[in-house]
Amino acid sequence: MHRRILAGDRLIAAFLAGCALFNYPLLSLFDRPDEVFGIPLVYAYIFAAWALVIGLMAWAVERRFK
């Protein structure tokens with residue numbers, strides 16, 4: 001039961017981090033004509049933030065406690 005509560009709390013934290021990462025003020029910082037490996041900066045940021053949120057969710061669900 002205790003592990004389930006911690007996993008739920010971590011999933012809520014990952015959701016809130018995703019909300020913050022995809023919110024307007026932070027997205028506007030990366031809305032520039034620059035490119036990263038030929039990809040526009042804002043698209044690279046969105047992909048990296050998306051991968052980070054998925055990684056956080058996987059970590060929250062699959063974490064083992066010893």
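- Closest heavy-atom contact between A14 and M57: CB-CG, 3.9 Å.
- The side-chain contact (heavy atoms from CB on, under 4.5 Å) check on I46 picks up F22, L27, V42, with sequence neighbours excluded.
- Under the side-chain contact (heavy atoms from CB on, under 4.5 Å) criterion, D34 pairs with R32, L41, not counting sequence neighbours.
- For F47, the ring pair (Phe, Tyr, Trp, His ring centres under 6.0 Å) criterion is met by W50, not counting sequence neighbours.
- Going from atom CG of L52 over to atom CH2 of W59 covers 11.5 Å, rounded to the nearest 0.5 Å.
- Listed here is the closest heavy atom pair of V53 and G18: CG2-CA, 3.7 Å.
- Put simply, the side chain of Y45 never gets that close to the backbone of L26: no donor and acceptor are under 3.5 Å apart.
- Other members of the cluster containing L16 are I12, F15, with ILVMFWY side chains joined at under 4.5 Å, either directly or via other members.
- Taken together through direct or relayed side-chain contacts under 4.5 Å among Ile, Leu, Val, Met, Phe, Trp and Tyr, I39 and L29 form part of one hydrophobic cluster.
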